Amino acid sequence: MNIKITLPDGSIREFSNGVTGAEIARSISEGLARNALAIEVNEEIWDLSRPITSDSKVRILTWNDAGGKKAFWHSSAHLMAEALEALYPGVKFGIGPPIENGFYYDVDLGGRPFGEDDLIAVEKKMAELARKESRFIRSEVSKKDALEYFEKKDDPYKIELIQELADGSITFYQQGNFTDLCKGPHIPHTGFIKAIKLLNVAGAYWRGNEKNKMLTRIYGITFPKQKDLDDYLLLLEEAKKRDHRKIGKELELFTFSERVGMGLPLWLPKGTILRERLEQFMRRAQVKAGYDPVVTPHIGSKMLYVTSGHYQKYGKDSFMPIRTPDENEEFLLKPMNCPHHCEIYSSKPRSYRDLPVRLAEFGTVYRYEQSGELHGLTRVRGFTQDDAHIFCRPDQVKEEFIKVIDLVLFVFKSLGFDQYTAQISLRDPNDKSKYIGEDELWERAEREIQEAADERGLKTVAVKGEAAFYGPKLDFMVKDALGRSWQLGTIQVDYQLPQRFGLEYVGADNQRHRPVMIHRAPFGSLERFVAVLIEHCAGNFPLWLAPEQVAVLPISERFNAYGNSVMDKLKSLDIRGFIDDRDEKIGRKIRDAEVRKIPYMLIVGEREAMEGKVAVRKHGAGDQGSVLLDEFIRKFQEEAAVPGEG
RNA sequence: GCCGUUGUAGCUCAGUGGUAGAGCACUUCCUUGGUAAGGAAGAGGUCGUGAGUUCAAUUCUCAUCAACGGCUCCA
């Protein structure tokens with residue numbers, strides 16, 4: 001009896017019942033058969049060797065498919081486990097999944113320390129075992145047999161896992177001398193794994209629970225070709241070079257001080273210029289988009305947060321309240337700006353004609369983050385949000401969403417983030433009790449967010465159950481120059497705060513209505529955004545953002561006077577820069593300016609001084625020849641224009 | 001918060017149970033040099049902080065703080 005197999009191109013082929021993925025691949029082409037790692041069967045990923053017994057829609061997966069990589073790395077985790085077992089008999093295994101880049105395995109080495117040398121030894125063993133081309137053999141086992149196997153092996157972690165599985169759904173995979181509880185899928189054999197690198201070791205609690213025993217987590221990555229591994233290691237190196245903490249130090253953008261406190265960034269003069277340029281850019285874009293800037297204090301009465309509900313939910317995780325000496329009133333450092341903005345909204349009666357009201361503030365907020373989570377500028381305890389709250393009628397949500405999406409995309413485009421996606425976080429349809437706000441409002445908002453995103457051609461993934469309890473949201477992810485994803489801006493609908501603060505407007509029907517609130521922050525936080533921007537452009541900021549745009553470099557001290565006159569002229573036009581009038585040779589001055597990533601160097605000597613010219617050198621591009629100073633300024637100002645202006 | 005690693009000059013890093021060293025940066029002098037490091041001299045550190053062991057601690061032990069790699073968390 002034959003079965004019908006539908007291929008990705010829509011064509012349907014007949015195969016005999018029990019055909020395997022490997023056979024289907026071979027029927028398509030030898031090349032595909034050689035590169036095939038797994039097969040997607042009706043949206044499930046299977047081993048290539050598993051018989052298909054009913055009409056199915058399939059897709060052969062190779063290294064170029066996410067599913068193929070996943071199987072590859074999952075198999076690599078098993079290979080690592082096999083090597084570990086060979087080298088350290090008695091080792092016990094937790095879980096070993098594939099991750100975004102590679103895989104890990106949590107193991108219990110019985111208290112034995114595990115260091116660099118061990119990583120290399122395991123790597124070697126893995127390579128040796130990979131060459132054996134051991135097949136990954138799937139077998140279905142009964143719960144009883146499964147438990148028996150791991151009891152004999154004395155592996156408490158696997159036993160715990162099996163106990164939670166239903167009988168009849170348990171599968172083992174075996175390759176070489178190693179057998180593991182695993183639902184698969186796996187690549188055909190270990191020989192595909194040609195390049196192996198174990199990256200690092202870290203502690204991780206069994207099942208992520210700190211009450212449990214800490215296991216040793218070994219991270220690794222593998223590739224089908226050595227070249228791929230080399231490229232990946234280069235990428236890691238490049239990422240290290242671009243680390244915003246390193247560049248931030250080198251370019252004197254920001255610093256931290258133990259005396260000030262951890263997670264509290266100090267913006268140095270050059271970093272402040274960068275930050276203020278971004279602020280100004282956003283301020284102007286927001287004025288154009290109909291926002292009203294507001295300013296609110298850094299602290300607020302504890303009652304404000306009791307009203308907002310944040311105190312109840314986060315009070316124990318925030319900085320302790322500040323008490324006044326006389327009345328013993330309590331104040332909190334503000335962890336967000338919305339409650340203050342709600343009070344601004346309710347400072348006077350609002351008519352439906354006034355809506356939407358859009359209140360924007362670069363609000364600095366303070367949140368107590370766990371000490372282990374602090375990281376450069378991306379995770380800090382005090383940061384400034386490019387925050388705004390839109391108070392609108394329910395019928396305006398979609399339109400406002402579209403406007404915010406436009407603003408966010410404008411920001412991304414202006415800063416060179418060409419690749420982005422968005423995640424729509426929706427309610428968990430199985431448990432609506434977790435959320436506040438009326439059903440119809442939710443349904444409408446969720447639908448309208450999707451529509452708004454679609455209308456703007458935004459690539460979105462909708463994830464159910466990820467919404468905040470107070471409303472659905474849209475989060476933006478950008479890909480940086482190295483292909484890494486970062487979560488930046490966010491737009492959130494909120495039904496809760498308007499209710500808690502009793503916000504109202506008078507409708508056309510002369511009745512009181514509750515506005516909907518939209519929280520949004522295109523940058524997210526300036527700190528985090530600057531960090532991402534630094535890593536994206538490797539510290540080579542676009543001209544309009546560069547803290548130092550121009551360096552004037554006199555050939556010798558004899559031309560310092562002319563250099564100064566050039567500098568004065570530039571400064572009078574708000575062009576940022578400095579003159580390097582040190583007693584150094586020109587080669588040295590150029591090198592120093594290049595290292596500092598100054599976009600333009602203006603070299604001035606006898607020839608330039610005579611003719612009122614400057615010799616232009618562009619960072620990273622070299623000598624551009626001499627032009628009249630005015631000519632340079634004209635071109636410079638064109639290039640340095642702030643996006644969205646002029 | 002938890003586990004692990006680290007902490008020496010402004011930066012990057014050597015080093016030692018007998019109170020410290022390099023390169024770059026800095027200061028001064030020589031040099032006035034045309035597109036990525038000219039030469040010389042000098043200055044600079046209670047070796048993260050506190051305690052303990054020792055005749056003697058930057059070095060060994062413990063505690064503490066911070067950074068880093070993870071885990072957990074994230075309004």
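Numbers restart at 1 for each chain; the letters A, B, ... are given by sequence-line order, proteins then strands. Quantities reported herein were computed from a predicted structural model and do not represent experimental measurements.
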| query | Base, sugar-phosphate, or nothing for A:Arg617, non-hydrogen atoms under 4.0 angstrom? | reply | base

| field | Comparing A:Phe256 and A:Tyr470 on RNA chain B - which has the more 5′ nearest nucleotide | value | A:Phe256

| query | On a whole-Å scale, what distance lies between the P atoms belonging to B:rG23 and B:rU59? | reply | 26 Å

| task | State whether A:His375 places a side-chain N or O below 4.0 Å from either non-bridging phosphate oxygen (OP1 or OP2) of B:rG69. | result | yes

| request: With the side chain counted from C-beta on, respond yes when A:Ile390 and A:Arg520 share a heavy-atom pair under 4.5 Å apart, and no when they do not. | output: yes

| Quick one: the side chain of A:Arg379 and the base of B:rC74, do they pair up donor-acceptor inside 3.5 Å? | yes

| remark: Ranking B:rA36, B:rC71, B:rG34 by distance to the side chain of A:Arg217, first place goes to B:rC71

| query | From the list B:rG1, B:rG38, B:rU32, which nucleotide is the closest neighbour of the side chain of A:Glu584? | reply | B:rG38

| task | Take the protein atom NZ of A:Lys597 and the nucleotide atom C1' of B:rA36, then report the distance between them rounded to whole Å. | result | 13 Å

| Between B:rG69, B:rG34, B:rG1, which nucleotide has the shortest distance from any of its atoms to the side chain of A:Ser371? | B:rG1

| Closest listed nucleotide, where the reference is the side chain of A:Asp583 and the choices are B:rC30, B:rA75, B:rA67 | B:rC30

| query | What's the shortest heavy-atom distance between A:Met601 and A:Ile598, and which atoms? | reply | CE-O, 4.0 Å

| message | Students often mix this up, so state it plainly: with edges at 30° and 60°, are the rings of A:His298 and A:Tyr366 parallel, tilted or perpendicular? | response | tilted

| Non-neighbouring partners of A:Lys569 that pass side chain to side chain contact (heavy atoms under 4.5 Å, CB included), sequence neighbours left out | A:Leu573, A:Leu629, A:Asp630, A:Ile633

| Any N or O donor-acceptor pair linking the side chain of A:Asp106 to the base of B:rG70 at under 3.5 Å? | no

| message | Under a 3.5 Å threshold, yes or no: a donor from one side chain and an acceptor from the other, between A:Thr296 and A:Lys334? | response | yes

| Listed nucleotide nearest any side-chain atom of A:Ile603, set B:rU32, B:rG34, B:rG70 | B:rG34

| Single hit among A:Arg242, A:Lys241, A:Arg484, A:Lys246 for side chain to side chain donor-acceptor pair (under 3.5 Å) with A:Glu535 | A:Arg484

| field | Length of the line joining A:Leu251:CG and B:rC11:C1', which is rounded to integer Å | value | 13 Å

| query | Which value, in whole Å, describes the distance between the C1' atoms of nucleotides B:rG4 and B:rG42? | reply | 43 Å

| message | Nearest to the A:Lys249 side chain among B:rC11, B:rG69, B:rU35, which nucleotide is it? | response | B:rC11

| task | Figure out the CG/C1' separation between A:Asp580 and B:rU35, and round it to whole Å. | result | 13 Å

| With respect to the side chain of A:Ile555, which nucleotide from B:rA36, B:rG34, B:rC73 is positioned closest? | B:rG34

| message | Under 4.0 Å, counting only non-hydrogen atoms across every strand here, what does A:Met336 touch: a base, just sugar-phosphate, or nothing? | response | base

| N or O in side chain of A:Arg245 less than 4.0 angstrom from B:rG69 OP1/OP2 | yes

| query | Between B:rC47 and B:rG17, how far is it from one C1' atom to the other, in whole Å? | reply | 14 Å

| A:His244 NE2 to B:rC68 P: how many Å, rounded? | 9 Å

| request: Calculate the interatomic distance between A:Tyr366 atom OH and B:rA75 atom P; express it in whole Å. | output: 20 Å

| query | For atom P, what is the distance between B:rG48 and B:rC3, given to the nearest Å? | reply | 23 Å

| field | For atom CZ of A:Arg207 and atom P of B:rG70, their distance in whole Å | value | 23 Å

| message | Classify A:Asn200 by what it touches in the nucleic acid, base, sugar-phosphate, or nothing, heavy-atom distance under 4.0 Å. | response | sugar-phosphate

| Looking at A:Gln286, A:Glu400, A:His389, which hits side chain to side chain donor-acceptor pair (under 3.5 Å) with A:Arg358? | A:Glu400

| Does A:Tyr219 put a side-chain nitrogen or oxygen below 4.0 Å from OP1 or OP2 of B:rC71? | yes

| request: Test for a donor-acceptor pair under 3.5 Å between the base of B:rC68 and the side chain of A:Asp243, counting only N and O atoms. | output: no

| query | Starting at the 5' end of RNA chain B and moving along, which residue's nearest nucleotide shows up first, A:Arg558 or A:Gln492? | reply | A:Arg558

| For A:Met214 and B:rU5, what is the distance between atoms CE and C1' respectively, to the nearest whole Å? | 14 Å

| d(CD, A:Glu594; P, B:rA37) in whole Å | 11 Å

| said: In whole Å, measure the gap between the C1' atoms of B:rU16 and B:rC60 for me. | reply: 13 Å

| message | Measuring to OP1 and OP2 of B:rC74, would you say a side-chain N or O of A:Tyr368 lies under 4.0 angstrom away? | response | no

| query | Out of B:rC3, B:rU35, B:rU32, which nucleotide sits closest to the side chain of A:Ile590? | reply | B:rU35

| Using atom P of each nucleotide, how far apart are B:rA43 and B:rU28 to the nearest Å? | 15 Å

| task | Looking at every strand, decide which applies to A:Ala593 at a 4.0 Å heavy-atom threshold: base, sugar-phosphate, or nothing. | result | nothing

| query | Nearest to the side chain of A:Arg607 - B:rA75, B:rG34, B:rG70? | reply | B:rG34

| request: Sticking with atom C1', work out how far B:rG15 lies from B:rU8, rounded to a whole angstrom. | output: 9 Å

| field | Separation between the P atoms of B:rU49 and B:rA57, rounded to whole Å | value | 15 Å

| query | Pairing of RNA chain B as dot-bracket, 5' to 3': ( ) intra-strand, [ ] crossing, | other strand, . unpaired, with Watson-Crick or G-U pairs under 3.5 Å? | reply | (((((((..((((....[..)))).(((((.......))))).....(((((..]....))))))))))))....

| task | Measure the acute angle between the ring planes of A:Phe256 and A:Phe254, then classify it against the limits of 30° and 60° as parallel, tilted or perpendicular. | result | perpendicular

| said: Regarding A:Tyr232 and A:Glu237, do their side chains bring together a donor and an acceptor under 3.5 Å, going by distance alone? | reply: no

| Judged by modelled atom types alone, do A:Tyr470 and A:Gln492 share a side-chain donor-acceptor pair under 3.5 Å? | yes

| said: Looking only at side-chain N and O atoms, does A:Asn337 offer a donor or acceptor that is under 3.5 Å from a partner on A:Asp387? | reply: yes

| field | Sugar-phosphate, base or nothing in reach of A:Gly587, heavy atoms under 4.0 Å | value | sugar-phosphate

| message | Nearest to the side chain of A:Asp623, heavy atoms from C-beta on, is which of B:rU35, B:rA75, B:rG33? | response | B:rU35

| message | On the side chain of A:Glu608, is there an atom forming a donor-acceptor pair with the base of B:rG34 - under 3.5 Å, no angle test? | response | yes

